[in-house]
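Note on naming: letters A, B, ... go to the chains in the order of the sequence lines (proteins, then strands), and numbering restarts at 1 for each one.
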There are 2 protein chains.
Amino acid sequence: MNIRTLCLAILNFGQATGYEIKKMSSDTHYAYFVDASFGSIYPALSKLEVEGCLTSHEEREPGKPARKVYSITDKGRLELVSHMSDTPKKDIFKSEFLLIAMCAEMLERETVRKAIDNRILQLEEELKFIKDSSDETEHEGTKWIAGYGYACQENSLKYLIENREKLESLAQASSQELEPAE
Amino acid sequence: MNIRTLCLAILNFGQATGYEIKKMSSDTHYAYFVDASFGSIYPALSKLEVEGCLTSHEEREPGKPARKVYSITDKGRLELVSHMSDTPKKDIFKSEFLLIAMCAEMLERETVRKAIDNRILQLEEELKFIKDSSDETEHEGTKWIAGYGYACQENSLKYLIENREKLESLAQASSQELEPAE
DNA sequence: TAGGCCATGTAACCGGTTACATGATTAG
DNA sequence: CTAATCATGTAACCGGTTACATGGCCTA
């Protein structure tokens, strides 16, 4: 999916500024859709406005920078629906952690251990974040994808914890095997 | 991860041509790491050879195009290990299907149904493929990531099947609601 | 007073993809 | 005869990111 569609999808749930869209696309469940930076969001919003998919108005509060608040138009909503009605692209899953896991035998045990710990921490954070954001919303679609995400990550974590020893044992024993694994 | 590292990782398990690397990165478990096209693989291989991370020799068989077969060198192996010893980047998961799910209420029931069916089919194919490739290999690291992938996808599929009706009910009733959901 | 947050925007760059050029063999 | 598969490689393009410019407010 491209930045265009991301902007339309976010604005479909309410008006927002470019800055807010960037934050949402990094910190909220919108991160499931695309990565986006300021350098791509601002130009995309301008273009969408020129095309009539968005409108904007400026909000000025003394002592704060002017905010350019965008709202979606009927035309924008139409483009969003039309995009979603196409057969969706395959889900993408890319993992550097799995590369390390596959190559465990080449690596020191300590390296593998760190990578696993790191991945577990990430999953735990992710689970906490999904739970929080699901509790905060009343929107059914958002709740549904939160439930889906939670189930997937939870099982991923479970598998990792149950099978980490097997993976660690593939790695090369490193010199400092004196300390316990904690 | 970049194409460079992908090439090194694949060649670490045995020599191969650019053409074979491309196929592996699209059709095998190497697809978990990066997407790659010919246009990126061939230049990457040339550069790696110049830098001394790879060597190559030509194989000529009558009636077949010449194959340029690459092998990894100690220097290449060192770069691969060094890359993997860095803290890995976060796993990436991007899903157009989840966008459709989140916006189910805007879409026709038929559209949502198709998206779910499509996703289920993909997951089933993926599971079958993982099972096959796990059975074919003796390599422990590869078996481990296959097990991990299988567990994740299996649970994803389970959740989808158990919760699809809830999602479909969020969508707008379309005109042809006469036929049963099969 | 340094750094982080709010807020918008541009320009250079880059890591890729797409499409093209080339050509032989094999399967339908 | 056509399409697919094997096989290598280049060039144009593009969708992004990174870094920069700007500036005020708030917190540690």
So OG1 of B:Thr73 and CG of B:Leu78: to nearest 0.5 Å the spacing works out to 9.0 Å
Reckon B:Lys23 touches a base, only the sugar-phosphate, or nothing at all at heavy-atom distances under 4.0 Å? sugar-phosphate
Heavy atoms under 4.0 Å, any strand shown: does B:Ser46 hit a base, just sugar-phosphate, or nothing? nothing
Per-nucleotide protein contact string for nucleotides 11-28 of chain D, where B marks a base within reach and S marks sugar-phosphate only (heavy atoms under 4.0 Å, - for neither): -----SBB----B-S---
Nearest 0.5 angstrom please: A:Gln153 CD to A:Leu160 CG, how far? 11.0 Å
Report the nucleotide, chosen from D:dT10, C:dA7, D:dT8, that has the shortest atom-to-atom distance to any side-chain atom of B:Pro43. D:dT10
Please work out which of the three classes, parallel, tilted or perpendicular, describes the rings of A:Trp144 and B:Tyr159, given edges at 30° and 60°. perpendicular
Phosphate OP1/OP2 of C:dG9 contacted by A:Lys68 side-chain N/O (<4.0 Å): yes
Answer yes if A:Ile92 and B:Met1 sit in the same cluster of Ile, Leu, Val, Met, Phe, Trp and Tyr residues linked by side chain heavy atoms under 4.5 Å apart, and no otherwise. no
Among the candidates C:dT8, D:dC6, D:dG9, find the nucleotide nearest to the side-chain atoms of A:Tyr42. C:dT8
For the residue pair A:Phe33 and A:His29, does the interplanar ring angle fall in the parallel (under 30°), tilted (30 to 60°) or perpendicular (over 60°) class? perpendicular
Just how far, in rounded Å, is P of D:dT8 from CD of B:Glu58? 9 Å
Testing A:Glu59, A:Glu61, A:Glu58 for salt bridge (Lys or Arg N to Asp or Glu O under 4.0 Å) with A:Arg67, which one passes? A:Glu59
